[in-house]
2 protein chains.
Amino acid sequence: MSSPAFHPHDHGHCIATALAQAEQVVAARGLRLTPVRRRTLEILLERHGAMGAYDVLERLAEDGFGHQPPVAYRALDFLVENGLAHRIRRINAFTACLHPGEDHHAAFLICRACNGVAEIPAARLRAVMEAGAAEADFSIERVNLEALGLCPECRMAEAGGKA
Amino acid sequence: MSSPAFHPHDHGHCIATALAQAEQVVAARGLRLTPVRRRTLEILLERHGAMGAYDVLERLAEDGFGHQPPVAYRALDFLVENGLAHRIRRINAFTACLHPGEDHHAAFLICRACNGVAEIPAARLRAVMEAGAAEADFSIERVNLEALGLCPECRMAEAGGKA
DNA sequence: GAGTGTAATGTTACATAGTAACATGTCAAC
DNA sequence: GTTGACATGTTACTATGTAACATTACACTC
Ligand SMILES: [Zn+2]
Ligand SMILES: [Zn+2]
Ligand SMILES: [Zn+2]
Ligand SMILES: [Zn+2]
């Protein structure tokens, strides 16, 4: 199964399974998926896309949660630390993880036009990276593998716009 | 030759060749390595490390250049656009490129303790990334391949510190 | 060698992103 | 019902990055 992110699919299914798995992960670790945290995850799950912390915050505020940056950052950090979301450094944004629980190394395809994000498996990438690091006697702790470009839809739109 | 960045070496040589190559690249493109730009590159070249734009700016200001952020960002952007420096998104910083001119895709090993940065070849990484993108029908324009961890020296220091 | 166009530099002012520190609330355990 | 741990909220601030515009340097023309 390749990433459905950029293609039509039953996204309700994505959301349902991601939430269910999130519950499990959190329970297994003896942590709590509190209202803010859950809502934050739901917001991220609305699209296969990335959202800035301040956009998330705005949504949370609308829902009656706090209005200050730490409210969003704390929830987002919680999700990231527990593998329920990923941070996309390239665009200072966050995206929900589609298959939390599975200990995976992910890479990201980021559409510069629509902020869409697809998560692709990165086991091989990680391995190659580790090999390079070994040669330099460097010990890797975290990796960020991100590609910026155009998703199929936005590529069409750009090509069409020129015509 | 593996990356010398984290090991003792004749760094004057790194600097000299990088500057010479920079001159060539810029001349070949009909651009100008003006004083600010050159000085910015020299500052980045002082170490195999990453510097934030504001740190660079401070140094530039000391040398009599402007004191405002755009001064640094413009010079840095020029260097990045022409392959003379790289931007490290993970830590919002910039690092000099060690072999400009050669059209290369680089990955970076970033020491979280000393901000040291080693550039490693990323042709294979890029290829794997492209393969993943192809499956998702995504067209890549730029990639960021970064690993955070500890360089050999800082790893020793940390291990030693515990003892 | 004055005039003109372009690139580069500089400035002000602002936008966006992220965090430290502390006060308050919640809730389970004892 | 008190304690302790965690979660939420706030204020206030730091850090990073840009838009917009004024000024300067310099090549090129006439
Ligand atoms: Zn979906
Ligand atoms: Zn798109
Ligand atoms: Zn060197
Ligand atoms: Zn180090």
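A, B, ... follow the sequence lines: proteins, then strands. Residue 1 opens every chain.
- Of the inter-residue distances, the one linking B:R89 atom CZ with A:I91 atom CD1 reads 10.0 Å to the nearest 0.5 angstrom.
- Between A:L31 atom CG and D:dA5 atom C1' there is a gap of 13 Å when expressed in whole angstrom units.
- Taking CG of B:L84 as the start and CZ of B:F94 as the end, the distance is 13.5 Å to the nearest 0.5 Å.
- Between the CZ atom of B:F78 and the P atom of C:dA7 there is a distance of 13 Å, rounded to whole Å.
- Atom CG of A:L33 and atom P of D:dC6 are 17 Å apart (whole Å).
- Residues passing the side-chain contact (heavy atoms from CB on, under 4.5 Å) test with A:H9, sequence neighbours excluded: A:P4, A:H11, A:C14, A:H48.
- Salt-bridge formation is detected for the pair B:E158/B:R112: a Lys NZ or Arg NE/NH1/NH2 atom is positioned less than 4.0 Å from an Asp or Glu carboxylate oxygen.
- Protein atom NE2 of A:H67 is 9 Å distant from nucleotide atom P of D:dG9, rounded to whole Å.
- Salt-bridge annotation for B:E46 and B:R59: present, with a side-chain N of the basic residue lying under 4.0 Å from a carboxylate O of the acidic one.
- The base of D:dG17 lies outside donor-acceptor range of the side chain of B:R74, with no N or O pair under 3.5 Å.
- Rounded to an integer number of Å, the gap from CG of A:L76 to P of C:dA17 is 12 Å.
- Here D:dT8 presents its P atom at 14 Å from CG of A:D63, a figure rounded to the nearest Å.
- In this structure, B:I91 places its CD1 atom 13 Å from C1' of D:dT16, rounding to the nearest Å.
- B:E119 contributes no side-chain N or O that, together with a main-chain N or O of B:A106, makes up a donor-acceptor pair within less than 3.5 Å.
- Atoms NE2 and CD1, on A:H13 and A:I15 in that order, are 11.5 Å from each other to the nearest 0.5 Å.
- Summarising the geometry, atom CZ belonging to B:R47 is positioned 6.5 Å from atom CG belonging to B:N115; distances are rounded to the nearest 0.5 Å.
- Listed by residue number, there are no residues of residues 22-30 of chain A with a heavy-atom contact under 4.0 Å to DNA chain C.
- Annotation: proximity of residues 36-50 of chain B to DNA chain C (heavy atom, distance under 4.0 Å) is found for B:V36, B:R37, numbered in ascending order.
- When the side-chain contact (heavy atoms from CB on, under 4.5 Å) test is applied to B:D137, the partners found at least two apart in sequence or on another chain are A:H7, A:P152, A:R155.
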At a cut-off of 3.5 Å, list every protein nitrogen or oxygen paired with a nitrogen or oxygen from nucleotides 18-20 of chain C, distance to 0.1 Å.
{"unit_1": "C:dG18", "atom_1": "OP1", "unit_2": "A:R87", "atom_2": "NH2", "d": "2.9"}
{"unit_1": "C:dG18", "atom_1": "OP2", "unit_2": "A:Y73", "atom_2": "OH", "d": "2.8"}
{"unit_1": "C:dG18", "atom_1": "O5'", "unit_2": "A:Y73", "atom_2": "OH", "d": "3.3"}
{"unit_1": "C:dG18", "atom_1": "N7", "unit_2": "A:Y54", "atom_2": "OH", "d": "2.4"}
{"unit_1": "C:dG18", "atom_1": "O6", "unit_2": "A:Y54", "atom_2": "OH", "d": "3.4"}

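- Note: CG (B:D55) to P (D:dA15) measures 10 Å, nearest angstrom.
- In this structure, the side-chain contact (heavy atoms from CB on, under 4.5 Å) partners of A:E153, at least two apart in sequence or on a different chain, are A:C151.
- Dashed line: the shortest gap from a side-chain N or O of A:T34 to OP1 or OP2 of D:dT8 is under 4.0 Å.
- B:R37 places a side-chain N or O within 3.5 Å of a backbone atom of B:R32 that can act as its donor or acceptor partner.
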